[in-house]
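Quick note on labels: first sequence line is chain A, next is B, and so on, each numbered from 1. This is a predicted model, so every value here is computed, not measured.
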Number of protein chains: 2
Amino acid sequence: MRLVIAECTVDYEGRLTAHLPRAQRLLMVKADGCVAIHSDGGAYKPLNWMNAPNSVFETESKWVVVNPKGEKLTITLHEVISDTEHALGEDPGLIKDGVEAHLQELLAARPWVIEDGLELIRREYQTDIGPVDLLCKSEAGETVAVEIKRRGEIDGVEQLARYVERLDNDPRLAPVRGVFAAQLIKPQAKTLAESRGIICVEVDYDGLREIESRELRLF
Amino acid sequence: MRLVIAECTVDYEGRLTAHLPRAQRLLMVKADGCVAIHSDGGAYKPLNWMNAPNSVFETESKWVVVNPKGEKLTITLHEVISDTEHALGEDPGLIKDGVEAHLQELLAARPWVIEDGLELIRREYQTDIGPVDLLCKSEAGETVAVEIKRRGEIDGVEQLARYVERLDNDPRLAPVRGVFAAQLIKPQAKTLAESRGIICVEVDYDGLREIESRELRLF
DNA sequence: GTGTATATCTCGGGG
DNA sequence: CCCCGAGGTATACAC
């Protein structure tokens, strides 16, 4: 990784046009060739950047970075304050826990948590407009499409409504109803869900993990 | 801005739980206190981070970063290879062009580009589920809700459909129809729009800018 | 490759 | 403050 501290101006032309007036900034060039220009504030997002794959053409006072899509980043260097390089090697990568995929796993194994008597037919059931998180059968014999989110917002309700509409046209599945399951469901999403005939269920993630670890300890 | 190259392990507990095994990485600390941990690849996104506002508690071999929401980032330093600091000063900031706001401005001033005889009533017309980009009146006297996007995708059509449904319930506005205007509209979005009775219009952004600059030169 | 859904999204604006 | 929408979203995954 190369780190350059420099007084620079920057121009980007691509999906939009953008310009950075002259100032001191950090230029970060990673091993894969991607370039990021950071100021001394503002979270982790750089002011400007160019992702790999790209090509860097470097002269004393100017870097021109282009990519195959025709985007172009031009960095004009007025003064270089520091220029260092460190070989970091491959990173073993981030280990995550607690995202939607895990919530889906937990619920797929325990669909009765969502609704009494619910039985799983299939996870990630494919439709021609995308995958339904859980396809289930209710105690009364209806098909139930379950959409799982960490945070339940309007988009998720729309997504589920599209699936239910599509699935309900399949005579092998009809009648189909929808259940929207999330750790937290926003009021707007609840209102929209109700008007679409979709049931909302708020799920206790920590409680589910508790149950999971108890089950694991039994075996 | 402080830049540290170090062999480290990292743990994050907050909105999720995440762990980074021991490896060499860049630790970036900005003037506002935010911390980002970068590997030597993977675009501009750090492996792990903590945004301002936060507090950093630093000892020889460990940094603990906590924020008011109760999130916690723990960095264990096994070996520090480099530790430098540079004062960059305030950044004048990015100047952008070509985003949705500008497209909306251009169309608000020339609604006839969207549809012959269209007249603007109001920009950012507020409804209880959000703002409509342009509210217009057609030559035939209907109300027309216009949703403007740079790239027209399914989400935008759903959003517009919600607005039209809501506005059509207002007797002062009814009948209301929708027009979906974008530089480029994806086939799926067109199909969905058609099934919702929404008209699609593809807008020539560069052409509009041409017209704008010609108009400016006249005055 | 396109299409779809997720994200510790980030960021900015409005109430 | 939260809510909402846009983003050069980036990223992963299925088809």
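Within 4.0 Å (heavy atoms only), B/Leu94 reaches no atom of the nucleic acid at all. Residue-level contact check: B/Glu147 touches the backbone only, with heavy atoms under 4.0 Å from sugar-phosphate atoms and none from bases. Base engagement by A/Met50 is indicated by at least one non-hydrogen atom pair under 4.0 Å involving a base atom. Using a 4.0 Å heavy-atom distance criterion, A/Glu153 is classed as making no nucleic acid contact. Residue-level contact check: A/Tyr125 touches neither bases nor backbone, having no heavy atom under 4.0 Å from any strand.
Nearest-nucleotide assignment on DNA chain D puts the 5′-proximal partner with A/Ile154, out of A/Ile154 and A/Ala18.
Checking C/dT6, D/dT9, C/dG3 against the side-chain heavy atoms of B/Pro187 singles out C/dG3 as nearest. Ranking D/dG8, C/dC9, D/dT9 by closeness to the B/Trp49 side chain, first place goes to C/dC9.
Remark: P of C/dT4 and NZ of B/Lys186 are 8 Å apart, rounded to the nearest angstrom. Residue B/Leu184 contributes atom CG, which lies 10 Å from atom P of C/dG3 at whole-angstrom precision. Rounded to whole angstrom, the span from the CD atom of B/Glu105 across to the P atom of D/dA6 amounts to 16 Å. Taking atom NZ of residue B/Lys30 and atom C1' of nucleotide C/dC11, one finds them 13 Å apart after rounding to whole Å. Look at CD1 on B/Ile95: it is 14 Å from P on C/dG12, rounded to the nearest Å. The nearest whole Å value for the distance from the OH atom in B/Tyr12 to the C1' atom in C/dA7 is 12 Å.
For the residue pair B/Gln159 / A/Glu158, no side-chain donor-acceptor distance below 3.5 Å is found, with atom types taken as modelled. Under 3.5 Å, the side chains of A/His38 and B/Tyr44 contain no donor-acceptor pair of N or O atoms.
Exactly one residue among B/Val4, B/Leu27, B/Asn51, B/Ile75 makes a side-chain contact (heavy atoms from CB on, under 4.5 Å) with B/Val35. That residue is B/Ile75. The only option from A/Val201, A/Leu118, A/Ile198 that meets the side-chain contact (heavy atoms from CB on, under 4.5 Å) definition with A/Val179 turns out to be A/Val201.
D/dG5 sits 16 Å from C/dA7 when the C1' atoms are compared, rounded to a whole Å.
Residues satisfying the salt bridge (charged side-chain N to carboxylate O under 4.0 Å, His left out) criterion with B/Glu212, sequence neighbours excluded, are absent altogether.
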Which atoms of nucleotides 11-15 of chain D (N or O only) lie under 3.5 Å from a protein N or O atom, and what are those distances?
from	atom 1	to	atom 2	distance (Å)
D/dT11	OP1	B/Gly42	O	3.3

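Crowding of B/Glu194 atom CD: a count of heavy atoms from other residues, nucleotides or ligands under 6.0 Å not exceeding 12. Crowding of A/Lys72 atom NZ: a count of heavy atoms from other residues, nucleotides or ligands under 6.0 Å not exceeding 12.
Contacts of residues 155-162 of chain A with DNA chain C (heavy atom under 4.0 Å): A/Gln159, A/Arg162.
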